[in-house]
Structure formats: C-alpha cells, structure tokens
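Accompanying notes for the structure given below.
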Amino acid sequence: MLDIKLIRENPDLVRANLEKRGNPENMLLLDELFALDKQWRMNLTRLNDLRHVRKTVTIEIAQLKKTGQDALGQVERAKEIDVQITTIEKQVAQEENREHNLLLCLPNMLDPTVPLGEDAHGNVQIKTWGTIPTFNFQIKNHIDLANALGIVDMERAGKISGARFFFLKNQLVLLDLALMSFTMHELSKKGYVAIEPPFMMNKTAYEGVTSLADFADVLYKIEGEDLYMIATSEHPMAAMYMGEVIKEQDLPLKLAGLSPCFRKEAGAHGKDTRGIFRTHQFNKIEQFIFCKPEDSVRLHEELLAAAEELLKKLELPYRVVNVCTGDIGTVAAKKYDIEAWMPAQNDYREVVSCSNCTDYQARRLGIRYREKEGAPPKGFLHTLNSTAVATGRTMVALLENNQNEDGTINVPKALRKYMSDFEKIDKNQ
RNA sequence: GCGGGAUUCCCCAAGCCUGGUAUGGGGCAGGCCUGCUAAGUCUGUGGUCGAAAGGCCACGGGGGUUCAAAUCCCCCAUCCCGCGCCA
C-alpha cells in the first residue's frame, strides 16, 4: 500500500510510476482516489465538528443533572445532532472503505533501476555463472529420468489429487530433504533465524502481504473457515509481526522459513504441464528480512548474493535478471530473478525470486520500528524476501544437469553429507 | 467441544459492580534546576483531519440500549487455567 500523503502531495510521481508499469486502468483508479480523498477529508471535518458540538451538549446535560436541573432542551438538541451525525458517519465510512480498497489496488513505487519492458522478454540479464554443460549423448528431461529411476510417481498422484501433483519416492525424497537441510544449515551459519510457520493464514493477515488478485489466482481457501493455505512462507513471516513496533537494535531481522507452498496456478493452463517444474505443492525455504528503510537496497543485494552462493555450492549454472516493469508484480519495488540452466528445455528457467518490497507490505501490515525501548514509533520498516531454495525446480535442474548416459544422476558434493553420502542416484540403490 | 479468567495509548496496571471530560506508575523525549553526574520538577508520548489554532478517533473486534458506554446487553476473535477428545 502506498502512503496516501505521497498521492496527495506528489500525484505526478505516482502517475509516472503507473505509466511506467503500463497499466492504464490503474490511472482511472488514481483519479478516483484523488477526488475521493478530497471529499472524504471535507466530510470528515464536518463530522468532527458535529461530534464536537454533541460532546459539548452531552457535558452540559451531565452538569445540569448533577445540580438537579432540567435538561430536556439539551437532550432534544443532542438527539437532533445525532441524526445528522449518523448520516454523515455512513457517508464517511463508505468513502473510507472505497479509498482503502483503491489504495490496495495501486502497485508499489518502482526503484529507478528497474528496466522498462512489457513482459518477461524485457528482463535484463545482469550476470551469468557457471558453464552450460555439453553432453555427448541424447539427454533426457527430468521426468523421463525420474520415471526410469523409479523416484517419482505422477500417475498415481493424478489419480488421487489431479494434475500438477506428485509422489516423490526413494532418493528423490532424500534429495528433497537434503536440499532443505543443506540450505537451512547454510542460512543458520549466516545468522538467519530458522522458522517453520503456520501453513494456513486468515484473511486479514493475508490481505496485508499480497495483492487482491492472488486470492483468486493463487490461494487455496479452506471451506467454511477463515483460512487460506500459504503460497510461500514469505506470507506468514511477513504477517508474523503484524501491528507491532520493532526495536531498531533488533534490525535487520533475518528469517529463514521452511514450508510447503500451495498454489492454484490458475493462470498457467498448458504451461509446463509435465513433471515437477510447476506444481500445486512444493517445498521451499524462503529468506525474509525486516530492516530500516535506509538499509533495504544494500540488503537486497546481500539476499541475492546469499541465494547465488547456494546455487554455486550446488554447482548449477545460472543467470541473474533484473525483472522489468511489465513483469515485476504489484508488491515489489525491485526484483531479481535467478534462472538456472535447464538442459532439456535448452533455456534458463526461474528458480529464485528476490524482491525488495520497501514499505509497501509493512504499511499494509502496520509494522513499524522505534529507535529504542519506550520511544515512539519512527515509521514503517522495509521488507525483503528471496527464495533460498525451491526444491521442486532445483531438483529439476539437478536431475537434468547432472545426468549420465546410463540414466544415473550425480549428487553435488555439497549435498552428499545430507543424503547418506550417496555420490549418485542410481536405480540399484 | 464444555466451564472459568483475561484483552485499557510504547510497557505495566487502576477504573467496570453503581454509565457522565481516560487515571496512576514505568520507559523514552524535551524544558527547568543544580560545577558535572545522580536526584528533583514540569511538559509531552498512538492514529487521524487541519497552514495553524484546534478538533476527532482509539479501552481486543462488531452490533445494540442511552442525550451519554471502558462501564450495561448480544455476537465474534485471541490468550491463560481446568475438564473432555485426540497424534
């Protein structure tokens, strides 16, 4: 959510931001918001004046009654004022509601370094790492490899749950666990607090962390309960400190959240339909940071570096892109994606998404910071998040990049101690 | 699921029975005072509207009664204690 003061005082900045993001329908919302805000403030002043008068009358009544005098005239007057107040109150509440909704629709202000672009094609590559492997045999995709090794069962998952679900089996389960253990150990060494969050969250908390469109396209709702399955542990971690004021000395607060992620993938019909690349459920460790506003740009780079370091240790070739205005999403001010090399697709594909959300989430959630114990709050803090490891896609990359001609898979050195010292995933194990 | 207790401004509490301007302490900030420090003393402390003066809102949330609700009534949420059920 943007600061309404920014919109009042610098509407041109906000307008320019919307233009950059290329969603003209939001421009109309901004116009409506601007006019509505003016009207709301006017009515609010009227309402407050009336309330003030009524208060005075009420006090008069109290005083008259105390001295045993008749207060009928004042009571009548108070009743009349009350009628007016009720009418205006309704109007103000309506305006406030609409204003809040409009505010929730407006996207975050972009960082000036975000490249202009219409869609994912406009993302700008800023670096590559590793060497794209060459194979002197006919390579297989991850799903054929996994099927042949008997470490996945898509068909039976389809039978009981539907498309985009999977059973992992044997060494693929171990690999999944190994990726999580490895990542958690690495992040703990860097001072991240390990978190296992609730896997469901109520609507109020959820509205604070994501755009309204996600409720339809992404989130699974529990029938009959005010609960949604989390789409990433970013969400419960961001909402964790909802309504709180954090001491400056505790910042930056670095969390590493481990959870399954549940996603409807409503807009992805026909995309990546095979295998475990795009699924309704996957495990992920997410890095999350609460920090002072002046630190977020630096910490964004640090988050990216931490995510890169993990991929380097996994020996996966990747590139980093600066996500452009058309592809960045509502909440982020700036976003890097890391894309790992996927041999069977002959392309880099997203495995990490690393965002600086500035104060956009914090304002919605009411998370502020204070200089020290007892001091009044200073302002909203900044939030950042980055994938550390999404096991599904990382396993796709590992299977495809590390395949041998006989269909076995080499286990990267960094993971071996987390999976019984296996050097290879082999059918005969 | 049942019963009891709780939720008050940054923190801790009082006020609720018996409706009438939201009280005290702590912390923090600033002023005054003292060679310095400590102590003392005064003011302030959240949100919001306003250029300011000055208002308004906020007693877990939502309704209701009343001229007037922290206080009375109803619904809901969360936490604590006990009982039940349960891996």
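None of the values given here were measured: they were computed from a predicted structure. Order of the sequence lines fixes the chain letters, A, B, ..., with proteins taken first and strands second; residue numbering starts at 1 for each chain.
With sequence neighbours excluded, the residues satisfying side-chain hydrogen bond (donor to acceptor under 3.5 Å, both in side chains) with A:Arg363 are A:Asp359. In this structure A:Asp82 satisfies the side-chain hydrogen bond (donor to acceptor under 3.5 Å, both in side chains) test together with A:Arg54, sequence neighbours excluded. Looking at residues two or more places apart in sequence or on another chain, you find no ring pair (Phe, Tyr, Trp, His ring centres under 6.0 Å) involving A:Phe380. Applying the side-chain hydrogen bond (donor to acceptor under 3.5 Å, both in side chains) test to A:Thr394 and every residue at least two apart in sequence or in another chain returns nothing. Every residue meeting the ring pair (Phe, Tyr, Trp, His ring centres under 6.0 Å) condition with A:His300, not counting sequence neighbours, appears here in chain and number order: A:Tyr336. Qualifying side-chain hydrogen bond (donor to acceptor under 3.5 Å, both in side chains) partners for A:Lys313, counting only residues two or more places apart in sequence or in other chains: A:Glu186.
In this structure, B:C33 forms no base pair with any nucleotide, since neither Watson-Crick nor G-U wobble geometry is met with both distances under 3.5 Å. Pair check for B:A70 finds none; no Watson-Crick or G-U wobble contact set falls under 3.5 Å. Base pairing annotation: B:C85 forms no Watson-Crick or G-U wobble pair, as no partner gives both donor-acceptor distances under 3.5 Å. For B:G50, there is no paired base (Watson-Crick or G-U wobble, both distances below 3.5 Å). Of all nucleotides present, only B:U78 satisfies the Watson-Crick or G-U wobble test against B:A6, with each distance under 3.5 Å. Checking B:A13 for Watson-Crick or G-U wobble geometry (two distances, each under 3.5 Å) identifies B:U23 as its partner.
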At under 4.0 Å between heavy atoms, which parts of nucleotides 49-72 of chain B does protein reach? Answer with one letter per nucleotide, 5' to 3': B base, S sugar-phosphate only, - none. SS----BSS---------BS----
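Against RNA chain B, the stretch residues 85-101 of chain A makes no heavy-atom approach under 4.0 Å.
The residue A:Arg46 sits apart from the nucleic acid: no heavy atom pair falls under 4.0 Å.
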When you look at A:Phe215 and A:Tyr228, which way does the ring-ring contact (aromatic ring centres under 6.0 Å, His included) test go after all the steps? CA-CA 9 Å; A:Phe215 281 88; A:Tyr228 296 80; 5.1 Å; yes
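Listed by first and then second residue, the side chain to side chain donor-acceptor pair (under 3.5 Å) pairs that reach into residues 104-114 of chain A are A:Asn108-A:Thr358, A:Asp111-A:Thr113, A:Thr113-A:Lys334, sequence neighbours excluded.
A close approach under 4.0 Å does not occur between any side-chain nitrogen or oxygen of A:Arg370 and OP1 or OP2 of B:G27.
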